[in-house]
Amino acid sequence: MSQVRVRFAPSPTGFFHIGSARTALFNWLYAKHTGGVFVLRIEDTDQARNTDEYLELIYQSLSWLGLKWDEGPKVGGNYGPYLQSQRAGIYKEYLEKLKATGRTYEKDGAIYFKLLGERHEVYDEHRKKTVTKVKNAPAVIDDQIRGRVERVEDEDFVIVRSDGNPVFHFVNVVDDITMNITHVIRGEDHLSNTSKHVELFKAFGAPVPSYAHIPLILKQVGPGKMSKRDQGALIEDYKKRGYIPEAIVNFLCLLGWNPGDNREKMPIEDIIKLFDLPGINQSNARFDDKKLAHMNLAYLLELPQDSFLSLATTILTRANATDALLANPDYFKAVMLLSQPKIKSAEELPKYTAYFFTEDYIHVPEVKAKVMTKGDPKARLTELIEVLSQSDFTNDIAMEESIKALAAKNNLGFGDYQAVARYAVSGTNVGPSLTAMFRILGRDKVLNRMQKTLDS
RNA sequence: GCCCUCAUCGUCUAGCGGCUAGGACAGCGGAUUCUCAAUUCGUUAACCGGGGUUCGAUUCCCCGUGGGGGCACCA
């Protein structure tokens with residue numbers, strides 16, 4: 001059997017979104033699973049809507065997700081060029097082939113593909129005009145996911161616009177032929193188009209590729225499929241928010257596919273091993289950002305220190321605390337590693353760690369109202385300052401012991417001191433372990449902040 | 001309107017004629033704990049409806065209903 005060749009063929013007409021990412025992913029997985037070739041082809045025939053910015057975003061997003069293409073722009077290959085805008089010669093050549101067999105005609109300056117069969121006029125309700133229908137045999141699609149699908153293509157269709165540019169259906173098929181594509185894995189929104197494509201393959205005398213139409217991702221709220229405008233749709237956003245690409249990939253695999261057992265979080269190598277086209281679901285899946293967030297957290301907790309630190313640096317730098325960050329790398333590292341197991345997503349980092357980098361941190365009024373009114377908070381702060389000024393700030397266990405001793409002496413619990421201390425030092429009631437926080441902040445900051453709270 | 005397609009907890013799904021219908025996320029309750037998370041234990045919750053086929057249907061068939069997609073000189 002010849003080598004599997006699949007392609008992902010996006011058009012640079014908008015942001016790269018979750019649905020495109022999953023289509024790319026499934027193609028990539030199938031190539032990896034079969035030892036085949038993953039081709040990236042850019043369908044930029046819509047000159048009015050293409051932009052270089054979107055093109056670049058395709059490359060960046062695929063790379064970020066770890067979906068390396070074996071052939072395509074930037075990496076080359078034997079079937080190029082891989083931008084449709086550079087393949088005009090090939091399309092012309094193939095158009096001639098069709099013309100030579102009498103399968104085209106011109107109308108209103110455009111070139112149509114001519115179906116074989118009897119013709120008759122019919123009024124089309126939908127388009128409010130009379131159209132010519134062709135009595136044609138159904139095209140049979142042997143879909144790896146949906147089984148046998150039949151659809152009659154009963155109208156001639158445009159393959160070259162009056163401005164001379166070939167349209168999607170035509171270039172898509174010509175490229176699949178000339179690039180030796182064996183399997184077409186794409187969204188179900190193309191299922192109805194497939195009959196056109198099958199007609200073209202047959203007209204060219206080319207073998208029809210194996211099809212696999214994957215279900216669509218539906219928007220989280222409201223009707224319809226996910227689009228670029230929907231909340232949570234853009235890959236770019238997840239990158240900005242510090243999501244972990246492996247988590248997104250893992251999540252996307254589970255949207256319409258499963259390993260056959262109850263595993264969910266699993267290494268990509270295992271997924272590659274088990275992935276196959278017939279195992280893909282037939283029904284659409286609704287996007288769920290909560291589950292994605294959960295998957296991201298699972299990956300975040302296991303992220304190696306150096307990876308986490310570089311992620312944290314990216315996030316924090318963007319959040320403008322740059323000077324304070326660069327001032328002391330060891331301090332930065334300590335703060336971030338203290339926070340890693342506590343946050344749900346890297347995007348929380350700037351807010352979560354703000355008080356480590358400035359004296360001008362926010363004191364949450366609600367927390368103040370809650371914490372600084374119970375018992376005698378000022379007395380407790382005074383006691384804490386007394387005890388802590390004798391403490392070894394490199395030893396958080398010892399600090400904890402001395403605060404516990406202080407609490408016990410006054411018939412109180414550690415928690416009674418913890419709350420006021422935390423508020424004084426961080427302005428809030430959430431954060432990492434109290435004395436570990438002390439250790440990293442250091443004696444001066446801790447005592448000063450407590451004193452300042454006392455004086456206010 | 002026409003064509004294609006899909007249908008199990010709120011969501012993602014397992015199930016491929018006989019199961020106490022399983023798991024995960026979310027939710028709820030408990031444990032743990034210095035807060036918040038994490039962790040852990042428990043728990044609520046589903047076979048769209050109607051006909052068949054069959055000894056027996058979540059599972060097979062048909063019809064409804066509902067969802068999704070397509071019907072361009074967009075891709």
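Lettering follows sequence order; numbering is per chain, from 1.
Nucleic acid contact class of A:G413 (heavy atoms, under 4.0 Å, all strands): none. A:L292 comes within contact range of no nucleotide atom at all, as no heavy-atom separation falls under 4.0 Å. Residue A:G256 is in sugar-phosphate contact alone, with no base atom involved, counting any heavy-atom pair closer than 4.0 Å across all strands shown. No contact: A:D44 has no heavy atom under 4.0 Å from any strand. A:E155 comes within 4.0 angstrom of no nucleic acid atom, judged by non-hydrogen atoms across all strands. At a threshold of 4.0 angstrom between heavy atoms, the contacts of A:S433 include nucleobase atoms, whether or not backbone atoms are also involved. The residue A:L434 sits close to a base: some heavy atom pair falls under 4.0 Å. The residue A:R146 sits close only to the backbone: its heavy atoms come under 4.0 Å of sugar-phosphate atoms, none of a base. Among the protein residues, A:H213 comes within range of no part of the nucleic acid, since none of its heavy atoms lies under 4.0 Å from any strand. Within the nucleic acid shown, A:A285 comes within 4.0 Å of sugar-phosphate atoms alone, with no base atom in reach, counting heavy atoms only. As judged by a 4.0 angstrom heavy-atom cut-off over every strand, A:E264 is placed among the base-contacting residues. A:P215 comes within 4.0 angstrom of no nucleic acid atom, judged by non-hydrogen atoms across all strands. Backbone-only contact: A:L297 has heavy atoms under 4.0 Å from sugar-phosphate atoms and none from a base. Nucleic acid contact class of A:R49 (heavy atoms, under 4.0 Å, all strands): base.
If you take atom C1' in B:rC62 and the same atom in B:rA45, they sit 31 Å apart, rounded to whole Å. B:rA38 and B:rU32 have their C1' atoms separated by 11 Å, given to the nearest Å. Atom name C1', nucleotides B:rA46 and B:rG15: the rounded distance is 13 Å, in whole Å. Separating the P atom of B:rU53 from that of B:rC47 is a span of 25 Å, rounded to the nearest Å. B:rG51 and B:rU65 have their C1' atoms separated by 14 Å, given to the nearest Å. Annotation: B:rC6 and B:rU39 have their C1' atoms spaced 39 Å apart (nearest Å).
Between the side chain of A:S192 and the base of B:rC71, no donor-acceptor pair of N or O atoms lies under 3.5 Å. Within 3.5 Å, a donor on the side chain of A:K291 pairs with an acceptor on the base of B:rA24, or the reverse. Remark: the A:K342 side chain and the B:rU35 base include a donor-acceptor N/O pair separated by less than 3.5 Å.
A heavy-atom distance below 4.0 Å to RNA chain B is reached by none of the residues of residues 83-94 of chain A.
Rounded to whole Å, the distance from CD on A:E153 to P on B:rC3 is 14 Å.
Both distances falling under 3.5 Å, in either a Watson-Crick or a G-U wobble arrangement, place B:rU65 opposite B:rA7. B:rU40 is paired with B:rG30 under the Watson-Crick or G-U wobble criterion, all donor-acceptor distances under 3.5 Å.
Ring orientation note: the planes of A:F251 and A:F287 are nearly perpendicular, at an angle over 60° on the 30°/60° scale. A:F113 and A:F157 have tilted rings, their planes meeting at an angle from 30° to 60° on a 0 to 90° scale.
At least one side-chain nitrogen or oxygen of A:Q282 sits closer than 4.0 Å to the OP1 or OP2 atom of B:rC6. Put simply, A:N281 has a side-chain N or O that comes within less than 4.0 Å of OP1 or OP2 on B:rU13. For the pair A:N429 and B:rC34, the criterion of a side-chain N or O lying under 4.0 Å from OP1 or OP2 is not met. Contact annotation: A:T45 reaches the phosphate of B:rA75 (side-chain N/O to OP1 or OP2, under 4.0 Å). OP1 or OP2 of B:rA38 lies within a sub-4.0 Å distance of a side-chain N or O belonging to A:K344. Of the side-chain N and O atoms in A:N258, one or more sit less than 4.0 angstrom from OP1 or OP2 of B:rA14. Residue A:K225 places at least one side-chain N or O closer than 4.0 Å to OP1 or OP2 of B:rG70.
Aromatic ring centres of A:H190 and A:H213 lie farther apart than the 6.0 Å criterion allows. Aromatic rings of A:H363 and A:Y423 (six-membered ring for Trp) have centroids within the 6.0 Å cut-off, being under it.
Taking a cutoff of 4.0 Å between a charged side-chain nitrogen and a carboxylate oxygen, A:D270 and A:R263 qualify as a salt bridge.
Annotation: cation-pi geometry not satisfied between A:K228 and A:F15 (NZ/CZ under 6.0 angstrom from ring centroid, within 45° of ring axis). Within the cation-pi definition used here (under 6.0 Å to the ring centroid, within 45° of the axis), A:K97 does not qualify as a partner of A:F204.
Looking at which nucleotide of RNA chain B each of A:D124 and A:L255 is closest to, the 5′-most match is held by A:D124.
For the residue pair A:D44 and A:S85, a side-chain donor N or O sits within less than 3.5 Å of a side-chain acceptor on the partner. For the residue pair A:E43 / A:S11, no side-chain donor-acceptor distance below 3.5 Å is found, with atom types taken as modelled.
Side-chain contact between A:P259 and A:M266 is present, with heavy atoms from C-beta onward closer than 4.5 Å.
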